[in-house]
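We count ligands from 1, going down the list as the structure has it; atoms in each ligand are counted the same way.
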Amino acid sequence: MLKIAITKGRIEKKFCELLKVAGYDVDPILNKDRELQIKTKDDIEVIFAKSNDVLTFLEHGIVDIGIVGKDTLIESNFLDYYELLDLETGKCKFCLAAYPSYRTKTFNRRKRIATKYPKVARQFFEGKQENVEIIKLEGSVELGPVVGMTDAIVDIVETGSTLKANGLEIVEEICDISTRLIVNRVSIKFKNKEIYKMVDDLDRAIKSIKE
Ligand code: PRP
């Protein structure tokens, strides 16, 4: 039996659509109420978890496969996995964003940057050899500049609507993000056939959607 941890919410919804196109039984997933662990007719056991917890379950060998955003992978220090597939869903970008005045303003102090992704933000500014103060927020990162706490944000931009609604704009794009299928390194040895069958099925589904 293959065990999969799926990031709850938007990623889960898109992954189910893809699984369905790939010919898998998704009814138990779509019809679940508040259950967190379910089995499908394809002999797959699925758990639904927060993004960082998907990595924790994979790391501890509880699941063979994780479905998680590249943003979570980049920010995490966990490296002991194989990334086998870009699902090409959940496409968005890491960006530096601020009010338009940020571009021309002269800073006589360290810039303050709000982010849910301190590692990404730190690496981005280190690459520019800029020493900034990073302030971690858990969500609604746009509030940083809106309430006057920070000069800019490093955050995920999908449609750009949240930035626009708050008068903010992209200053610089950092990198592209999408949902990835990752695999436990031990599972690949013992469940090689099952894992690659699913990867191939999903790969075909991704290609058929694009056609
Ligand atoms: C993400 C991100 C932005 C928003 C961007 O937040 O942090 O706030 O989505 O999307 P958009 O470009 O389509 O407007 P999310 O909705 O995941 O919630 P959060 O702010 O609580 O992290």
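Remark: ligand 1 and V141 share no N or O pair separated by less than 3.5 Å (distance only, no angle test).
Interface of S140 with ligand 1, defined as ligand atoms under 4.0 Å from a residue heavy atom, comprises 19 (P), 20 (O), 21 (O). Counting the atoms of ligand 1 from 1 in the order shown, those under 4.0 Å from a heavy atom of V157 are 12 (O). Applying the 4.0 Å criterion to heavy atoms of T162 picks out, from ligand 1, the atoms 4 (C), 5 (C), 10 (O), 11 (P), 14 (O). The contact set between ligand 1 and I156, taken as ligand atoms under 4.0 Å from a residue heavy atom, comprises 2 (C), 3 (C), 5 (C). Close approach to R10 involves these atoms of ligand 1, each under 4.0 Å from a residue heavy atom: 15 (P), 16 (O), 17 (O). Close approach to E142 involves these atoms of ligand 1, each under 4.0 Å from a residue heavy atom: 3 (C), 8 (O).
Protein heavy atom closest to atom 13 (O) of ligand 1, with residue, atom name and distance, is T159 OG1, 2.5 Å. The closest protein non-hydrogen atom to atom 22 (O) of ligand 1 is K116 NZ, 2.4 Å.
Between K93 and E173 there is a salt bridge, with a side-chain nitrogen of the basic residue lying less than 4.0 Å from a carboxylate oxygen of the acidic one. A salt bridge links K128 with E172: the closest approach of a Lys/Arg side-chain nitrogen to an acidic carboxylate oxygen falls below 4.0 angstrom. K111 and E130 are joined by a salt bridge, as a carboxylate oxygen and a charged side-chain nitrogen come within less than 4.0 angstrom of each other. With respect to the salt-bridge test (charged N to carboxylate O, under 4.0 angstrom), the residues K70 and E83 qualify.
No donor-acceptor pair closer than 3.5 Å links the side chain of D86 to the backbone N or O of R180.
Contact annotation: for K93 versus ligand 1, there are no heavy atoms closer than 4.0 Å. Contacts of D155 with ligand 1, taken as heavy-atom pairs under 4.0 Å, involve the side chain alone.
When ring centroids are compared, F48 and F15 stay outside the 6.0 Å threshold.
With a 4.5 Å cut-off on side-chain heavy atoms, D64 and L2 count as touching.
Sequence neighbours left out, the pairs with a member in residues 199-211 that pass side chain to side chain donor-acceptor pair (under 3.5 Å) are Y24-D201, E88-K210, K197-D201, D201-R204, D203-K207.
Distance screen at 4.0 Å: atom 18 (O) of ligand 1 has no protein heavy-atom neighbour inside the cut-off.
In this structure, R185 fails the cation-pi test against Y81, since its NZ or CZ atom is not both closer than 6.0 Å to the six-membered ring centre and inside 45 degrees of the ring normal.
Using a non-hydrogen distance threshold of 4.0 Å, K164 does not register as a contact of ligand 1.
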